[in-house]
Amino acid sequence: MNVIHPAVHPVEAPPLTGAANDAIPRGRMKDIQGMPGTTGGLVLRFSQFAFALLALCVMATTGDFPSVTAFCYLVTAVSLQSLWSLTLAILDVYAILVKRRFRNPRVVSLFAIGDWITSTLTFAAACASAGITVLISNDMNDCALNHCTRFETATAMAFMSWFAVSPSFILNFWSLASK
């Protein structure tokens with residue numbers, strides 16, 4: 001079998017030096033506030049942590065939450081969310097202080113997967129707790145014997161924490177997909 005070989009071989013261009021090298025646009029994505037290592041990302045992480053911690057504290061001060069599985073799940077989910085958000089907030093503070101951004105795809109994928117897992121757990125726990133809270137308050141009319149206001153407050157704080165996690169997940173996933 002005869003194979004025709006091209007007569008002209010491609011030649012790579014020599015690397016640019018000097019001022020011409022500085023004019024080449026880099027392949028990096030612009031920093032969008034809310035991404036890891038930015039002040040917007042730190043604000044999102046702090047709000048995630050604060051809302052999850054508030055939900056945890058409100059639910060923990062209620063003495064009868066262990067009797068309902070959904071409320072135990074809420075306490076577990078917001079505990080995990082608060083630990084995750086606090087850890088990433090510390091990393092964001094470090095990145096801001098040393099003026100670096102998280103660009104390593106493995107680190108960004110770890111952030112995206114962690115945000116995805118914690119946001120899913122927090123949302124599921126908040127939905128389950130909201131269902132039980134509606135059952136207790138509206139269907140059973142049993143708020144006089146229970147701490148309905150505290151249950152509703154903790155559930156609302158869990159939803160607020162989830163609302164703060166969602167942009168972090170979307171921005172982390174987007175920055176990972178754009179590399």
Side-chain angles (χ1 to χ4, degrees), residues 31-97 101-102 107-177:
D31 288 333
I32 298 172
Q33 288 301 319
M35 295 178 79
T38 61
T39 55
L42 181 62
V43 168
L44 281 174
R45 293 294 174 193
F46 181 72
S47 62
Q48 294 164 20
F49 173 71
F51 286 129
L53 190 65
L54 281 172
L56 178 65
C57 290
V58 168
M59 194 58 83
T61 58
T62 307
D64 56 348
F65 85 87
S67 62
V68 180
T69 306
F71 295 150
C72 292
Y73 179 45
L74 179 71
V75 168
T76 304
V78 296
S79 297
L80 180 66
Q81 179 64 54
S82 62
L83 288 173
W84 176 254
S85 298
L86 179 64
T87 303
L88 294 185
I90 291 169
L91 289 174
D92 279 344
V93 167
Y94 173 74
I96 291 170
L97 289 177
R101 302 290 182 256
F102 294 108
V107 173
V108 174
S109 66
L110 177 71
F111 289 174
I113 290 170
D115 282 342
W116 174 57
I117 290 170
T118 57
S119 69
T120 303
L121 289 174
T122 303
F123 182 69
C127 288
S129 297
I132 296 298
T133 304
V134 168
L135 175 72
I136 291 170
S137 65
N138 293 348
D139 298 339
M140 295 173 46
N141 292 326
D142 203 15
C143 274
L145 301 174
N146 291 313
H147 304 283
C148 286
T149 307
R150 289 186 181 196
F151 294 152
E152 290 169 352
T153 303
T155 303
M157 292 299 118
F159 274 116
M160 295 299 289
S161 179
W162 176 73
F163 283 132
V165 173
S166 297
S168 296
F169 166 68
I170 290 169
L171 288 171
N172 284 331
F173 188 70
W174 180 43
S175 68
L176 182 65

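- Smallest separation of non-hydrogen atoms from Thr62 and Asp64: CG2-OD1, 3.0 Å.
- Here the closest non-hydrogen pair linking Ala158 and Ala55 is N-CB, 3.9 Å.
- Side-chain atoms of Leu44 and Pro167, non-hydrogen and from C-beta on, do get closer than 4.5 Å to each other.
- Once rounded to the nearest 0.5 Å, the distance linking CG of Leu88 with OH of Tyr94 reads 15.0 Å.
- Annotation: ring pair (Phe, Tyr, Trp, His ring centres under 6.0 Å) contacts involving residues 57-93, sequence neighbours excluded, comprise Phe71-Phe151.
- Here the side chains of Thr61 and Arg150 are in contact, with some heavy-atom distance below 4.5 Å.
- Within the model, atoms CZ of Phe111 and OG1 of Thr87 stand 10.0 Å from one another, a figure rounded to the nearest 0.5 Å.
- Not one N or O on the side chain of Ser166 forms a donor-acceptor pair closer than 3.5 Å with the backbone of Phe163.
- Closest of all the heavy-atom pairs between Val108 and Asn172 is CG1-O, 3.5 Å.
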Start with the C-alpha gap between Ser85 and Phe46, add the side-chain angles, then the distance that decides, and say whether side chain to side chain contact (heavy atoms under 4.5 Å, CB included) holds.
CA-CA 7 Å; Ser85 298; Phe46 181 72; over 6 Å; no
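- Side-chain contact between Leu91 and Pro36: absent, with no pair of heavy atoms (C-beta onward) separated by less than 4.5 Å.
- Once rounded to the nearest 0.5 Å, the distance linking CD1 of Ile90 with CG of Leu42 reads 10.5 Å.
- Across all their heavy atoms, Gly37 and Ala95 have their closest contact at CA-CB, 3.8 Å.
- The distance from atom OG1 of Thr122 to atom CD1 of Ile117, rounded to the nearest 0.5 Å, is 11.5 Å.
- Rounded to the nearest 0.5 angstrom, Met59 CE and Thr155 OG1 are separated by 5.0 Å.
- Closest heavy-atom contact between Cys148 and Ile136: SG-CG2, 3.6 Å.
- Taking OG1 from Thr133 and CG from Leu74, the interatomic distance works out to 8.5 Å, rounded to the nearest 0.5 Å.
- Under the 30°/60° scheme for interplanar angles, the aromatic rings of Phe173 and Phe169 are found to lie parallel.
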Please determine whether side chain to side chain contact (heavy atoms under 4.5 Å, CB included) holds for the pair Val58 and Met157, giving the CA-CA distance in whole Å, both sets of side-chain angles, and the decisive distance to 0.1 Å.
CA-CA 9 Å; Val58 168; Met157 292 299 118; 5.6 Å; no
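- Here the closest non-hydrogen pair linking Ser47 and Ala164 is OG-CB, 3.5 Å.
- Partner Trp162 forms a ring-ring contact (aromatic ring centres under 6.0 Å, His included) with one of Phe123, Trp116, Phe51 and no other, that one being Phe123.
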